[in-house]
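Excluded from the calculations below are hydrogen atoms, water molecules and symmetry mates; all remaining heavy atoms, backbone and side chain alike, are included.
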Amino acid sequence: MVPDLDTLAAVPLFATLDGKRLARLAAGSTVRIVDTGHVVALRGQPASHLIVVESGTLTATFDTANGRRLRLGEFPAPCAVDKAAVLDAGGHTATWLAAIRSQVRLVPAGDVLAVIDDVPAARRHVLAHLAQRLRDQQDGLVLASFADTTTRTAAWLLRAAGHTGTRIVLPGAQHGLAEAIGATRVSVNRALRTLAADGLVRVEPGAVVILAPELLAHRASHELR
């Protein structure tokens, strides 16, 4: 495969496509290099294209009128983000920022919908992705409603470890972690110190190392049993 097709084929949504269809997607798309902190798409903006992250990482955010920010997730390459916005044509569900210098490909929404219509494996991937997002959002709602900051911090660390391993680089350091769980930096700092004092984690500059995954999992769920 040529490089463009290799990067597209690495994205799970497009992994089962044949070379001809991949070539058509590549030919109809555009590529952008986005510097750290720059906006790729604004929440509510019409989603005329699917955003494919070919290198780097995007952050999904929600900003309130009074300046507060909630981080909705970090999305490293290779991946396609905000599929829901393409599916329902309701506008981007978040503001998407480059967490680091990134390369993104913008694939026309019509081409993506044609793939979902025509390729069963791609359709199953989208359905499984949306089902998992629903479960994650329900779990997040339960945590936000009933759990203290230490529990929410433990749960976030466990989810992050599932993608990166036991050493987790915090998005935007402790301030970014606070944005990710809807808490203050002070309360997150206190939660991390509690987890460290219990021997569950080790806190490093800009990172957290999980020392006792099973005990941390127990801490993340014990309030909700």
Side-chain angles (χ1 to χ4, degrees), residues 36-37 39-45 51 53 57-76 79 81-85 90-100 129-164 166-198 200-210 213 215-225:
T36 303
V39 174
V40 176
L42 290 170
R43 181 176 180 272
Q45 182 183 49
I51 302 169
V53 189
T57 300
L58 297 191
T59 300
T61 65
F62 178 93
D63 295 297
T64 67
N66 62 2
R68 295 190 64 187
R69 168 170 289 179
L70 180 65
R71 288 180 181 242
L72 302 174
E74 309 290 319
F75 298 83
C79 68
V81 302
D82 216 357
K83 302 178 186 72
H92 284 290
T93 62
T95 292
W96 295 88
L97 309 171
I100 58 175
H129 168 80
L130 294 177
Q132 186 59 55
R133 294 289 290 174
L134 175 60
R135 290 180 182 275
D136 291 344
Q137 288 175 358
Q138 288 178 337
D139 290 345
L141 179 60
V142 170
L143 284 169
S145 300
F146 301 117
D148 63 16
T149 302
T150 303
T151 301
R152 285 149 58 197
T153 299
W156 187 93
L157 291 171
L158 285 169
R159 288 196 300 271
H163 299 288
T164 65
T166 56
R167 186 179 187 275
I168 300 139
V169 177
L170 301 179
Q174 291 186 20
H175 180 74
L177 175 54
E179 291 177 343
I181 66 170
T184 66
R185 185 189 179 283
V186 171
S187 62
V188 164
N189 179 267
R190 187 181 300 117
L192 289 172
R193 284 191 282 111
T194 297
L195 295 173
D198 291 341
L200 306 183
V201 304
R202 182 175 70 248
V203 180
E204 300 178 348
V208 175
V209 179
I210 296 177
L215 294 177
L216 187 65
H218 178 75
R219 181 64 182 85
S221 62
H222 86 278
E223 282 194 9
L224 307 177
R225 293 179 186 275

Please name all residues satisfying salt bridge (Lys or Arg N to Asp or Glu O under 4.0 Å) with R133, sequence neighbours left out, ordered by chain then number.
-> none
Using distance only, find each side-chain donor-acceptor pair of residues 152-159 under 3.5 Å and give its atom names and separation, not counting sequence neighbours.
{"from": "R152", "atom 1": "NH2", "to": "I181", "atom 2": "O", "distance (Å)": "2.7"}
{"from": "R152", "atom 1": "NH2", "to": "G182", "atom 2": "O", "distance (Å)": "3.1"}
{"from": "T153", "atom 1": "OG1", "to": "T149", "atom 2": "O", "distance (Å)": "2.8"}

Separation between CD1 (I210) and CG (L195), nearest 0.5 Å, reads 9.5 Å
Under 3.5 Å, is there a donor-acceptor pair between the N189 and R193 side chains?
-> yes
Nearest 0.5 Å please: distance from the CZ atom of R185 over to the CZ atom of R190.
-> 11.5 Å
State the OG1-CZ distance between T61 and R69, to the nearest 0.5 angstrom.
-> 4.5 Å
All heavy atoms of A183 vs all of V188, minimum pair found to be CB-CG2, 4.1 Å
Only one of V81, I51, D82 forms a side chain to side chain contact (heavy atoms under 4.5 Å, CB included) with F75, so which one is it?
-> V81
L72 side chain near T93 side chain, heavy-atom distance below 4.5 Å = no
Do you see a donor-acceptor pair shorter than 3.5 Å between the side chains of T151 and R219?
-> yes
Separation between CD1 of I100 and OG1 of T57, rounded to the nearest 0.5 Å = 4.5 Å
Minimum heavy-atom separation for V203 to A196, with atom names?
-> CG2-CB, 4.4 Å
What do you reckon, is NE2 of H129 surrounded by more than 12 foreign heavy atoms closer than 6.0 Å?
-> yes
Heavy-atom closest pair, residues L192 and V201 | O-CG2, 4.1 Å
For L42 against H92, the heavy-atom pair lying closest together | O-CB, 3.4 Å
Counting N and O atoms only, with roles assigned by atom type, does the side chain of D148 sit under 3.5 Å from a partner on the main chain of T150, one being a donor and the other an acceptor?
-> yes
Atom CG in L216, atom OG1 in T166: separation rounded to 0.5 Å?
-> 11.0 Å
Which atoms form the tightest heavy-atom contact between G172 and R71, and what is the distance?
-> CA-NH2, 4.0 Å
Distance-minimising heavy-atom pair for A94 and A60 | CB-CB, 3.9 Å
Could you verify whether a donor N or O on one side chain and an acceptor N or O on the other, from N66 and T64, lie under 3.5 Å apart?
-> yes
